[in-house]
Structure formats: structure tokens, C-alpha cells
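Worksheet for the structure shown next.
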Number of protein chains: 4
Amino acid sequence: MTASAPSAQPGLHTPRWERRKESRPAELLAAALDLFVERGYAATRLDDVASRAGVSKGTLYLYFSNKEELFTAVVRENILPLLARFREGIERSDAEPAALLEGFFRAWWAHVGATRLSGIAKLIVSEAGNFPDVARFFHEEVIHPTGELLALVIRRGIECGDFRPLDVEAAAHVWMAPLVMKAISSHSIDSCCPLHEQMPPQRFLDTHVELVLAALRNPRR
Amino acid sequence: MTASAPSAQPGLHTPRWERRKESRPAELLAAALDLFVERGYAATRLDDVASRAGVSKGTLYLYFSNKEELFTAVVRENILPLLARFREGIERSDAEPAALLEGFFRAWWAHVGATRLSGIAKLIVSEAGNFPDVARFFHEEVIHPTGELLALVIRRGIECGDFRPLDVEAAAHVWMAPLVMKAISSHSIDSCCPLHEQMPPQRFLDTHVELVLAALRNPRR
Amino acid sequence: MTASAPSAQPGLHTPRWERRKESRPAELLAAALDLFVERGYAATRLDDVASRAGVSKGTLYLYFSNKEELFTAVVRENILPLLARFREGIERSDAEPAALLEGFFRAWWAHVGATRLSGIAKLIVSEAGNFPDVARFFHEEVIHPTGELLALVIRRGIECGDFRPLDVEAAAHVWMAPLVMKAISSHSIDSCCPLHEQMPPQRFLDTHVELVLAALRNPRR
Amino acid sequence: MTASAPSAQPGLHTPRWERRKESRPAELLAAALDLFVERGYAATRLDDVASRAGVSKGTLYLYFSNKEELFTAVVRENILPLLARFREGIERSDAEPAALLEGFFRAWWAHVGATRLSGIAKLIVSEAGNFPDVARFFHEEVIHPTGELLALVIRRGIECGDFRPLDVEAAAHVWMAPLVMKAISSHSIDSCCPLHEQMPPQRFLDTHVELVLAALRNPRR
DNA sequence: GATGAATGAGTCTTCATTCAT
DNA sequence: TATGAATGAAGACTCATTCAT
């Protein structure tokens with residue numbers, strides 16, 4: 001709640017609440033995202049979402065008609081904008097295959113893995129059983145296109161002889177996995193364990209990139 | 001409420017000799033595992049667990065004092081036996097580094113990824129926020145040791161010159177990730193998507209093994 | 001809660017000279033009447049009342065201090081004016097008993113049964129349990145006087161020998177009932193049933209009048 | 001609640017609750033009927049229904065899946081049995097038309113107007129706007145057949161010359177109205193007014209019968 | 001005055017847990 | 001031991017009422 005205790009200075013007037021129609025939905029979505037990611041859908045109370053957003057429970061219902069719609073809004077509003085920025089960077093690039101591939105992984109981490117989209121990934125993996133439609137949507141709009149983009153990058157490298165031939169589609173799946181796993185872990189097991197036992201994301205990412213490029217090295221050259 | 005106070009969680013480290021009598025319905029644990037994995041802890045009703053196990057709700061309480069203890073029992077009872085079998089196979093082997101490494105991944109998939117332990121992994125990733133102790137337990141007893149085992153195998157290959165030198169610890173993390181991710185996906189997004197859009201586990205595994213070995217190839221030979 | 005404590009109900013007997021300024025939206029009262037009659041007091045949302053009247057919810061509170069006062073105002077404002085017009089017609093008449101009696105029923109239907117007062121009747125019958133004071137007010141100001149007026153008309157006919165003697169007071173009750181029932185039905189069951197299954201009010205009224213006069217026929221003449 | 005205060009005699013054991021699967025539904029329906037009739041559907045809290053039936057709120061949901069189903073069950077369970085008994089009496093009779101007609105009214109009052117079906121009538125009239133299906137059901141199963149039965153009785157009397165000809169269908173409507181109105185009033189306005197201002201049902205019924213028979217008298221005889 | 005965003009008490013409904021049978 | 005009826009605390013959602021704009 002925003003300052004409902006009577007202010008000490010009688011002349012000044014602390015309003016019991018403010019009117020902030022424009023910013024409320026975003027604040028609510030942010031609060032909901034945090035809690036859904038941390039606790040899961042069922043274990044998150046709307047009361048907590050509201051109070052974390054600094055409003056009362058009733059206010060939440062002015063913007064979202066029920067808990068489920070809040071959930072889908074959280075997913076919808078977070079996915080597309082972030083994803084768009086990531087893809088732009090890759091598609092515009094004219095770097096060489098190896099550099100492009102490295103750029104892909106580093107950009108994914110920067111624009112997805114290290115952002116709140118990582119929370120969305122954890123959330124959807126956790127809730128797929130309860131929200132199959134959302135999971136399917138996420139697969140079709142995020143996972144699949146991202147995998148295809150990666151496959152494209154690899155395929156280009158093979159075609160120009162920089163990379164050795166291999167099962168491109170499968171490799172794309174295999175190589176997305178560590179990034180996604182690390183993103184999910186950061187909202188899950190990693191956040192439960194002492195820092196010194198965790199693998200720092202940067203070292204993880206560097207190693208991943210190095211291993212991918214090593215695995216692609218063309219022995220003919 | 002789901003217990004989030006770490007100290008409140010009943011003993012995960014209960015030694016195995018404290019197992020209750022053999023007659024205790026393992027069906028309850030199996031039913032609970034299925035439902036917890038599919039729906040998550042909070043969204044699973046004990047009524048459903050009981051009826052899936054073919055008993056009444058009251059009976060459940062004869063064996064588990066509450067929902068939380070059922071949860072920890074599900075985790076405890078599933079992890080250690082399966083894990084043990086997996087490690088035995090690796091530790092006893094006297095194969096060459098490359099074969100041993102390949103064997104490691106294939107054995108992990110056979111004894112973990114393709115068994116109900118994969119469900120446990122999904123469950124713990126999902127519930128880490130609500131059960132940090134369980135997550136920590138899982139990290140310490142499963143993830144960390146497995147990673148160390150993998151690191152050991154890699155390190156041996158490097159020492160004898162079969163593999164090129166690299167950041168062994170980081171590589172172990174990176175290379176566990178695809179297996180774990182695939183295991184988790186099989187209980188999550190994969191189960192929501194049409195079969196033809198999924199990557200078959202075998203092809204995924206084969207590719208992973210091939211890519212790992214390629215990345216390890218020692219250019220000096 | 002709906003007020004059931006008799007003393008809590010704001011003044012129904014507020015004299016008419018206390019009416020607020022003419023500009024007060026009669027639309028609010030009209031909207032409230034419609035909705036209260038159709039749905040009942042508790043099931044009617046002030047939001048709906050306001051939007052039906054074409055104003056915002058807040059505006060409603062400029063004219064009525066709360067829901068209950070709106071309810072009593074709806075009753076108060078509708079009853080007395082309409083009733084007055086009906087009584088005038090009867091009291092002034094110098095027709096013969098039979099014609100006067102027929103006139104009574106037809107005027108009642110025209111000035112009450114076929115007007116929005118019929119809705120008030122339905123509303124009060126429905127809400128008597130929650131607003132006993134309002135029900136009592138209605139009984140004292142409307143039902144009882146109307147019954148006495150009818151009794152007077154009958155009694156006059158008996159005295160001059162046009163009608164046969166009978167239990168006048170009871171007959172007045174019995175003969176008011178069909179009119180009131182029909183009025184109530186028109187806001188209740190009738191409005192739910194296909195038109196062809198309903199008894200048209202005019203035929204109902206004609207028959208009622210005919211039966212009353214037949215029952216009063218003096219066999220001595 | 002049934003005796004949850006610890007009993008004074010330590011040796012005796014007062015159970016916190018009893019198992020009464022068989023009788024619960026009827027008790028709940030009876031409590032619900034009372035409250036729905038008195039307050040209406042929306043203003044009735046399930047908590048009150050439950051506690052009037054001597055159980056907790058949760059118990060109610062063991063027998064009725066929600067408030068609406070409780071409402072429809074109240075209507076359904078009360079209507080048909082009572083109605084059946086009333087019709088039997090009329091259909092079997094071989095009395096003369098006048099006696100039969102008188103019997104009809106007196107039986108209706110005894111089996112409907114003076115029983116809890118009178119409450120149902122008030123309830124349905126009040127809630128027709130919110131439950132049009134229930135209102136329609138009531139019209140088709142109760143009001144219409146009853147009206148037809150009455151019409152039949154009148155028609156028989158006309159055919160044998162005991163009654164004078166008239167608009168039978170309309171008369172049936174008109175003559176049912178006082179009975180229904182009195183039944184409804186007994187749960188509404190009558191229960192709010194001092195006894196001495198009410199018309200006693202018996203006097204009302206006697207007068208009604210007398211007036212009906214007078215109106216039917218055949219002048220040709 | 002008029003508006004409608006914000007509030008929070010109240011009600012329906014669910015479900016982990018208890019306990020009479 | 002096994003059952004499932006009963007409980008009651010908790011959480012989703014509504015809506016009368018307030019008040020900043």
C-alpha cells in the first residue's frame with residue numbers, strides 16, 4: 001500500500017492512492033511474472049501479486065479478468081517484444097559463419113537468457129501440463145523459430161565449407177539446450193545453491209561457444 | 001501453503017534404513033510422482049493421488065503425515081536407487097576414454113533420462129522456488145556428483161592424450177545440459193506438441209554424443 | 001448486507017416537500033426500478049443502474065447516499081403519485097354500484113396494474129423479507145387503503161340492494177388478488193413464457209369483472 | 001454446530017460431528033428453502049444455509065456442486081411430490097361439480113398453499129428474472145396443469161348444466177389467482193404485518209369458494 | 001458536479017486434514 | 001487398517017463505496 005498512515009505534517013496531504021491507469025498493467029504484469037516464475041501458477045496468490053505491484057487485490061481485476069488471463073498476458077506481453085529484438089540482430093548480420101554463430105549464442109543469452117524471458121521459459125516448462133495451449137504457443141512462436149534460425153546459420157556455414165557436414169536440425173536442438181537449461185536454472189536450482197557451487201553464466205557461455213565451434217571444425221581444411 | 005521456510009522441510013536426508021515397512025503402498029508414490037510431475041505440487045490434489053493409487057484419501061494419511069512429506073518421499077525414494085545403478089556402470093567400466101564417455105551419456109539416458117527420474121528432474125526444477133531444500137538436496141546428491149563423474153571421465157581422456165585440453169568443469173556442465181533439458185522437455189513442452197515436430201530422443205542423443213566427441217578430438221593426433 | 005433491522009431503514013415517510021431539487025436524475029430512479037424489479041435488490045449492481053441511466057457509478061452517489069436509500073427512494077417516488085390519481089377517479093365518481101365497481105377494477109388496472117406500479121408490487125412482494133419496513137409501508141399506504149376503498153364500493157352496493165350481502169372485507173381481499181397477481185406475473189412468470197401460453201390481461205380483466213358482478217347479483221331482484 | 005464445546009463429563013465423548021450421509025441432503029434442502037424464500041437467492045449466504053442445517057459450509061458442497069444447483073434442487077425436490085398428492089385427490093373424486101370444485105380449492109390450499117410449496121411459489125415469482133428456465137419449468141409443470149385441471153372441473157359442471165356457461169380458461173386463471181396470491185403473501189407481506197391486519201386464510205378461502213360458486217350459479221335452474 | 005480508478009469487506013468455492021465409523 | 005463424511009482455513013472473485021482527478 002502507498003502510505004496510508006496519516007502523515008505527520010498535517011498541512012501536507014498524502015493521498016490514499018494514486019490514479020495510474022497507464023502504468024498499472026505493466027506493474028501488475030511485472031509483479032505477476034516474478035511470482036509465477038518463483039512459485040508457479042497455482043502457488044501464487046493474486047493478493048501477493050497485487051501487493052507486490054503496490055495495489056489492492058480489487059485493482060488487479062480492473063485490468064485482468066481472472067488469474068488465467070493474467071497468466072496468459074504475462075506470457076504474451078513478454079515474449080514477442082524481446083524475441084523480435086533478438087532476431088533482428090541475427091538476420092541483419094553479414095558476418096562469417098563462425099562469427100555469426102558465436103554472435104547468435106551471445107545475442108540469445110544477452111536478449112533472452114539474461115532477461116526476464118528466461119523466467120518465462122522456466123514458467124512455461126513448469127506449467128506446460130496445466131497450460132498446454134500456452135506451451136504450444138511458446139513452442140511455435142519461440143522455440144521452433146529460434147531453432148530454425150540456428151539451423152539456418154549452421155547450414156550456411158556448411159554450405160560454404162566453413163563447417164563440416166552434420167545433422168543440422170538435431171545439432172540445433174542439442175546446442176539450444178545448454179542455453180535454455182542455464183536460463184531455466186537461474187530461476188530454479190541455481191538460485192537455491194551457494195554461489196560458489198554455481199557455474200558462472202559467462203564461463204558457461206564461453207565454453208559452450210568454444211565447444212560448438214570445435215565440433216564444427218572442418219577437418220578438410 | 002507450500003513450505004518455503006527451509007528449516008520446515010522434513011528430512012530429505014533420512015537414511016535409507018529408516019524406510020518403513022515393505023507393505024507401504026509404492027503405488028501412492030508412483031501416483032504422486034505422476035501427478036506432481038504433470039501438474040506441479042500445488043495443483044495436485046491428494047484426492048487425485050489417492051484415487052489414482054486406488055485407495056481412499058484417508059489411507060494416504062496412514063503412510064504420509066501430510067502433503068509435503070509425500071512430496072519429499074517421492075523425491076527421496078526415486079532418486080537414490082536409480083542413481084546408484086547408473087554410477088555403478090560407469091565406475092566399473094575399463095573402456096577407453098571415448099567409449100567410456102559415450103557410455104556415460106548413453107547410460108545416463110537409459111538409467112535416468114528415459115526413466116521416471118526424468119520426471120523428478122522436471123518436478124524439482126519447477127518447484128525449486130517452493131522447496132529450496134529439496135532443490136539443494138537434488139543439486140548435492142545428483143547434479144553435482146553426476147557432473148563430477150562426467151568431469152572425471154573427460155579429465156582422464158585429456159590426461160592420456162585422447163582428448164584435447166579444455167575447461168573440464170565447464171564442459172561437464174554444458175554437456176549435461178542437453179540430456180537434462182531433453183529429459184525435462186519430455187514431461188513438459190514435448191508432451192504438448194505434435195509428435196512430428198519433436199526431435200526423437202535417440203537422434204538427439206546420437207547427435208549429442210557425436211558432437212561431444214568431435215569437440216574433444218585432439219588435433220595433435 | 002441487505003438491511004433487515006427495521007429501525008435501520010431510512011425514512012419512507014419522508015414528506016414530499018423534502019424532495020430534492022428538480023434536476024435530480026429521475027433516470028436513475030427509473031433505471032433502478034427496472035433492474036430491482038427484474039433481478040431483485042441484492043442481484044442488482046449499482047454499476048448497472050448507473051450505466052442504464054447513462055451516468056457513471058460515482059454520480060449515483062451524488063443523489064443517493066447508498067444502495068438502500070436508492071431502494072427506498074424508488075419505492076417512495078413511484079407509489080404515491082400514481083396511487084393518488086387512481087383514488088381520485090374512484091372517489092369522485094357518482095356512478096351506480098355495478099358501474100362503479102367495474103370502474104374500480106378497470107381504473108386500478110389502468111393506473112396501477114398496467115403501469116410501473118406493477119413492478120413495485122412485484123419488487124415489494126419479493127423483498128418483503130429483507131425490507132419489512134418497506135413492506136409494512138406498502139401495506140399501510142397502498143394495499144390496505146385500496147382494499148378499504150373496494151370494500152366501500154361493495155358495501156354501498158349492498159346497502160342500496162344492488163348487491164347481495166356477503167363478507168365484504170374478505171371479498172375485497174379475494175377480488176383484489178387476481179389483479180395484483182396478474183400485475184406481479186407480468187414482471188415474473190409471464191415474462192418467461194411464450195406469449196401464446198399467457199392469458200391476455202384484457203381478457204383476464206374482463207372475465208374478472210364479469211365474475212365479480214355475477215357473484216354479487218342479488219337473487220331477490 | 002452440534003456440540004463442539006468440550007463436554008463437562010470427561011468420561012463421555014461428544015463427537016465433533018456425526019456421519020449422516022442419508023439425511024444431510026434433505027436437511028440442507030429444507031434450510032435452503034427457508035432462506036431462499038425469506039431472503040431471495042442472491043441475499044442468501046451458503047454459510048447460513050449450512051449452519052441452519054447444522055453443518056459446516058464445506059459439507060454443503062459434498063451434496064450440491066454449487067449455489068445454483070442447490071437452488072434448482074430446492075425447486076425440483078419440493079414441487080413434484082406435493083403436486084402429485086394434490087392431483088390424485090381431485091382426479092379420483094366422483095363428487096358433483098359444485099362439491100368437486102369446492103374440493104379442488106380446499107385441497108389446493110391444504111396440499112399446496114398451506115405447505116412449503118407456497119414458499120416455492122413466492123421464490124419462483126421473485127426469481128423468475130434470474131432463473132427463467134426454472135420459471136418456465138414451474139409454469140409448465142405446475143401452473144399450467146393446475147389451471148387445466150381447474151378448467152376441466154368447471155367445464156364438466158357447465159356441460160351437465162350445473163354451472164352457467166362462461167370463459168372457462170380465463171375463469172380458471174382468475175380463480176387460481178387469489179389462492180396463489182394468498183400463498184405468496186404468507187411468505188411476504190403478511191409476515192411483515194401485525195396479525196390483526198391480516199385476513200385469516202380460512203376466511204379468505206371460504207369466501208373465495210362461496211364467491212366462485214355464486215358466480216357459477218346457473219340462472220336457468 | 002461528474003468521473004471512474006482504487007479499495008477492501010464479503011461471498012463462493014476448493015482442498016488438506018481430521019476423525020467417526 | 002481403511003474409508004469417506006465432515007471440517008475450516010485459504011484463495012479467487014465481486015461489488016458497494018470512496019476519493020483523486
Side-chain angles (χ1 to χ4, degrees), chain A residues 1-2 4 13-22 24 42-51 54-68 70, chain B residues 1-2 23 25 42-51 54-68 70, chain C residues 1-2 23 25 42-51 54-70, chain D residues 1-2 4 13-22 24 42-50 54-68 70:
Chain A
M1 310 295 104
T2 55
S4 55
H13 180 61
T14 307
R16 287 206 293 174
W17 41 262
E18 281 177 283
R19 228 183 159 85
R20 299 231 313 286
K21 190 188 198 313
E22 304 308 320
R24 290 286 190 231
T44 297
R45 274 163 299 161
L46 292 189
D47 244 345
D48 290 346
V49 173
S51 70
V55 300
S56 76
K57 194 175 25 167
T59 300
L60 205 156
Y61 283 88
L62 296 177
Y63 298 99
F64 304 95
S65 54
N66 55 42
K67 192 178 181 181
E68 196 170 331
L70 175 63
Chain B
M1 270 325 68
T2 60
S23 65
T44 296
R45 276 163 301 171
L46 292 189
D47 240 347
D48 291 346
V49 172
S51 69
V55 301
S56 75
K57 196 171 26 165
T59 302
L60 206 156
Y61 280 84
L62 296 175
Y63 297 100
F64 305 96
S65 54
N66 55 41
K67 192 180 182 181
E68 200 172 326
L70 175 62
Chain C
M1 262 335 58
T2 58
S23 67
T44 296
R45 276 164 300 170
L46 293 190
D47 240 348
D48 291 346
V49 172
S51 70
V55 301
S56 74
K57 196 171 25 162
T59 301
L60 205 156
Y61 280 84
L62 297 174
Y63 298 100
F64 304 96
S65 54
N66 54 40
K67 191 179 182 181
E68 198 172 327
E69 208 204 66
L70 175 64
Chain D
M1 307 296 105
T2 55
S4 54
H13 180 63
T14 307
R16 286 206 292 174
W17 42 262
E18 282 178 282
R19 228 182 160 84
R20 301 233 311 286
K21 191 186 199 309
E22 304 308 321
R24 290 289 189 228
T44 297
R45 274 165 299 162
L46 292 188
D47 244 345
D48 291 346
V49 173
V55 299
S56 76
K57 196 173 22 166
T59 299
L60 205 157
Y61 282 85
L62 296 176
Y63 299 99
F64 305 96
S65 53
N66 53 42
K67 192 178 181 181
E68 196 170 331
L70 176 62

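Reckoned from all heavy atoms, side chains included, excluding hydrogens, waters and symmetry mates. Every value quoted in this text rests on a predicted model; they were computed, and no experiment measured them. So that the names make sense, note that chain A is the first sequence line, chain B the second, and so on, each numbered from 1.
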**Q.** Nearest-Å distance for atom pair OH/C1', residues B:Tyr61 and F:dA6
**A.** 14 Å

Q. Can you tell me how far P of E:dT3 sits from CG of C:Leu46, to the nearest Å?
A. 15 Å

(Q) Please convert DNA chain F into dot-bracket. A pair counts if it is Watson-Crick or G-U wobble with both distances under 3.5 Å; crossing pairs go in [ ] and bases paired with another strand get |. (A) .||||||||||||||||||||

Q | E:dA2 OP1/OP2 closer than 4.0 Å to side-chain N/O of C:Thr59 | A | no

Q: Send over the distance from C:Phe64 CZ to E:dA2 P, rounded to a whole Å.
A: 13 Å

Q. Separation of B:Lys67 atom NZ from F:dA9 atom P, in whole Å?
A. 19 Å

Q: With DNA chain E as reference, determine whether B:Asp47 or D:Asp47 sits nearer its 5' end, using the nearest nucleotide of each.
A: D:Asp47

(Q) My understanding is that only residues two or more places apart in sequence, or in another chain, count here; which of them pass side chain to side chain contact (heavy atoms under 4.5 Å, CB included) with B:Lys67? (A) B:Phe36, B:Tyr41, B:Leu46

Q.
When you measure only distances, ignoring hydrogens and angles, does the side chain of D:Lys57 come within 3.5 Å of the base of F:dT7 through a donor and an acceptor?
A. no

Q | Nearest heavy-atom neighbours spanning B:Tyr61 and B:Asn66 | A | CE2-CA, 4.1 Å

Q. To the nearest angstrom, how far is B:Leu60 atom CG from E:dT18 atom C1'?
A. 14 Å

**Q.** Touch class at under 4.0 angstrom, heavy-atom based, for D:Thr44 against every strand present
**A.** sugar-phosphate

(Q) For C:Phe64 versus C:Glu69, what's the shortest heavy-atom pair and its separation? (A) CA-OE1, 3.6 Å

Q: Compare side-chain N and O positions of A:Tyr63 against OP1 and OP2 of E:dA6 and report whether any pair is under 4.0 Å apart.
A: yes

Q) If each of A:Ala42 and C:Gly58 is mapped to the nucleotide of DNA chain F with the nearest heavy atom, which maps nearer the 5' terminus, i.e. the 5' end? A) A:Ala42

**Q.** For atom CG of D:Leu70 and atom P of E:dT11, their distance in whole Å
**A.** 16 Å

Q) What's the CD-P distance between D:Glu68 and E:dT11, to the nearest Å? A) 19 Å

**Q.** Integer-rounded Å distance: F:dT3 C1' and B:Leu62 CG
**A.** 9 Å

Q: Ignoring the backbone of C:Arg45, work out which of F:dA6, F:dG4, F:dA16 is nearest its side chain.
A: F:dA16

Q.
Minimum heavy-atom separation for C:Ala42 and D:Ala42, please, with both atom names.
A. CB-CB, 3.7 Å

Q: Name the closest nucleotide to the B:Asn66 side chain, picking from E:dA6, E:dT17, F:dA16.
A: E:dT17

